[in-house]
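Please read the structure below before turning to the comments.
Nothing here was measured: the structure is a model prediction, and the numbers come from that model. First listed ligand is number 1; within each ligand, the first listed atom is number 1. Scope of the values below: all heavy atoms of this structure, side chains included, with no hydrogens, waters or symmetry mates.
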Amino acid sequence: MVPELEKATVHMKSPEHVRRVISALRKEGPDKLQVVSDFDMTLSRFGFNGRRCPTSHNILDNSQVISEEGRKKLKDLLHYYYPIEIDPNRTMEEKRPLMVEWWTRAHGLLLQQKILKRDIAKIVEESEVMLRDGVNTFFDQLHQHNIPLFIFSAGVGDILEEVLRQAKVFHPNVNVMSNYMDFDDKGVLRQFKEPLIHTYNKNASVLEKTDHFQQLSSRTNIILLGDSMGDLSMADGVANVENILTIGFLNDKVDEQRGKYRDAYDVVLEKDETLDVVNGILCYILGDLN
Ligand code: TMP
Ligand code: MG
């Protein structure tokens, strides 16, 4: 059905369930389908040649517009809070207040830096950001078949939109929900807009201001892509879900997190820096033979 599911990176608790959902998604066709995806470390790469790739926050943190002192403080926050974010021995409830703390402190530091709106494109251009292999095929397939893609990100919206723009994949079927910057009339960053989105509140609680999912109420079949346990609730705002296939990238602490991920996601991709499996599934569902 989908040869890519034979890849060594693929793990499924119930291949039978995956087969059943994929068949249903194909049978009901593109008009019933929508895709909900995380951005950082899901559409963007986790690593390349043994080095970590930047998140949308890191793109800013590492840029020349941040003072050396600011950069150090942001890095210290990352080194303190990231292990907490992915700690398999803490519950999401325990992590939630700590993530609010991380995002609040990081955004506070960024606000001290006088970041200019007009510098965003250059900041992204000069960064080391990389999208996963196969990203063009992914975006183009969805665009060609008019399938809405909702990117639900706890990263920085202005940055990730610019990454998509520069990669030439920011098609009209793509909508983004993320942390957006608010600039004053001189184009200087003055605050981050509400609501604050962090790794563990990506659910209906932060979707109040958007009617995105209500507008797509006839699309009751979902493919969800994420890399964090917090990403599993991203489609909770969709009413009347009929079929959902969840695909999780397991990037880090693989041995420790394997059990949890296999229980939670239908398809787990271990240390797979490509979108090959996702593209293979889409290709089968959409009936393309190439
Ligand atoms: P997401 O991929 O779930 O949307 O989350 C965004 C990622 O951003 C999350 O894995 C943590 C990371 N992050 C940074 O790299 N630097 C920061 O300053 C903050 C607040 C988050
Ligand atoms: Mg992520």
Side-chain angles (χ1 to χ4, degrees), residues 36-47 51-63 66 70-88 92 95-113 115 123 127-132 135 149-161 163-164 176-181 189 192 195-203 205-207 224-236 246-253 257 261 264-265 268-269 272-273 275 278:
V36 179
S37 179
D38 168 50
F39 180 77
D40 289 305
M41 311 295 118
T42 295
L43 296 179
S44 68
R45 277 181 86 113
F46 179 76
R51 283 186 60 189
R52 287 291 300 273
C53 293
T55 61
S56 53
H57 277 96
N58 300 154
I59 292 174
L60 264 180
D61 302 352
N62 300 338
S63 79
I66 309 287
R71 227 176 290 165
K72 184 183 173 306
K73 285 184 179 165
L74 286 156
K75 199 137 276 158
D76 288 346
L77 290 182
L78 178 72
H79 290 152
Y80 178 75
Y81 288 107
Y82 176 68
I84 298 175
E85 182 193 351
I86 62 162
D87 185 349
M92 279 201 243
K95 292 178 187 185
R96 226 169 253 136
L98 295 161
M99 293 301 106
V100 173
E101 211 174 88
W102 182 10
W103 262 251
T104 307
R105 292 176 73 180
H107 289 181
L109 286 170
L110 291 171
L111 294 182
Q112 295 171 10
Q113 302 291 325
I115 294 167
I123 291 170
S127 76
E128 294 183 355
V129 69
M130 286 179 82
L131 296 174
R132 284 189 195 271
V135 81
L149 167 61
F150 186 62
I151 299 180
F152 199 164
S153 167
V156 182
D158 309 72
I159 298 284
L160 82 84
E161 285 196 5
V163 173
L164 299 179
V176 180
M177 175 81 188
S178 187
N179 296 302
Y180 280 93
M181 293 167 150
L189 175 65
F192 280 83
L196 177 78
I197 305 171
H198 58 77
T199 329
Y200 297 111
N201 71 349
K202 293 171 136 193
N203 51 44
S205 74
V206 291
L207 292 175
L224 179 147
L225 310 176
D227 78 298
S228 154
M229 295 298 288
D231 293 330
L232 283 155
S233 57
M234 290 190 300
D236 283 5
T246 59
I247 304 176
F249 289 88
L250 177 48
N251 299 312
D252 205 2
K253 295 259 180 305
Q257 302 203 86
Y261 273 63
Y265 279 100
V268 177
L269 302 172
D272 186 336
E273 292 288 358
L275 286 168
V278 179

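Sorting the N, O or S atoms of D40 by how far they are from the Mg ion (ligand 2) puts O first.
Note on ligand 1: T42 sits outside its first shell, no heavy atom being nearer than 4.0 Å. Under a 4.0 angstrom heavy-atom cut-off, L77 registers as lying outside contact with ligand 1. Residue-ligand proximity: S228 is placed with every non-hydrogen atom at 4.0 Å or more from ligand 1. Residue G155 places a heavy atom under 4.0 Å from ligand 1. Heavy-atom distances between W102 and ligand 1 reach below 4.0 Å in at least one pair.
For ligand 1, the atoms lying closer than 4.0 Å to a non-hydrogen atom of L78 are 15 (O). In the vicinity of D231, heavy-atom distances shorter than 4.0 Å reach the ligand 1 atoms 3 (O). Close approach of ligand 1 to S153 (heavy-atom distance below 4.0 Å) involves ligand atoms 4 (O).
Neither side chain, E85 nor Y200, offers a donor N or O lying under 3.5 Å from an acceptor on the other. In this model, a donor atom of one side chain and an acceptor atom of the other lie less than 3.5 Å apart for T55 and N58.
The shortest non-hydrogen separation linking Y81 to R105 is OH-NH1, 3.0 Å. The nearest pair of heavy atoms linking S63 to I123 is CB-CG2, 3.7 Å. Residues W102 and L78 approach most closely at CZ2-CD1, 3.6 Å, considering heavy atoms. Between T42 and G226, the shortest heavy-atom contact is OG1-C, 3.3 Å.
Contact annotation: for D40 versus ligand 1, heavy atoms closer than 4.0 Å belong to both the backbone and the side chain. Residue contacts with ligand 1, taken as heavy atom pairs separated by less than 4.0 Å, involve A106 solely via side-chain atoms from C-beta onward.
Coordination check, D231 versus the Mg ion (ligand 2): failed, since every N/O/S atom of the residue sits at 2.8 Å or beyond.
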Practice item. Kindly determine whether L98 and W103 satisfy side-chain contact (heavy atoms from CB on, under 4.5 Å), including the steps that lead there. Key: CA-CA 9 Å; L98 295 161; W103 262 251; over 6 Å; no
Exercise for review: Give the intermediate values and the outcome of ring pair (Phe, Tyr, Trp, His ring centres under 6.0 Å) for residues H107 and H198.
Suggested key: CA-CA 12 Å; H107 289 181; H198 58 77; over 10 Å; no
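When only non-hydrogen protein atoms are considered, atom 5 (O) of ligand 1 lies nearest to A154 CB, 3.6 Å. In terms of protein heavy-atom proximity, atom 20 (C) of ligand 1 is nearest to W103 CD2, 3.4 Å. The nearest heavy-atom contact from the protein to atom 16 (N) of ligand 1 is H57 CB, 3.3 Å.
Checked by distance only, ligand 1 and K202 come closer than 3.5 Å through their nitrogen or oxygen atoms. Annotation: Y82 places no N or O atom under 3.5 Å from an N or O atom of ligand 1; distance criterion only.
With salt bridges taken as basic N to acidic carboxylate O contacts below 4.0 Å, none links D61 and R71. We find that D272 and R132 are not joined by a salt bridge, their nearest charged nitrogen and carboxylate oxygen being 4.0 Å or further apart.
Counting non-hydrogen atoms of neighbouring residues, nucleotides and ligands closer than 6.0 angstrom, the OH atom of Y80 reaches no more than 12 such neighbours.
Between the side chain of S178 and the main chain of G157, a donor-acceptor pair closer than 3.5 Å is present.
Of the options D38, I197, T55, the smallest heavy-atom separation from atom 1 (P) of ligand 1 is shown by D38. Within the set E85, H198, M41, the minimum heavy-atom distance to atom 9 (C) of ligand 1 is found for E85.
The OD1 atom of D227 and the OD2 atom of D38 subtend an angle of 80° at the Mg ion (ligand 2), given to the nearest 10 degrees.
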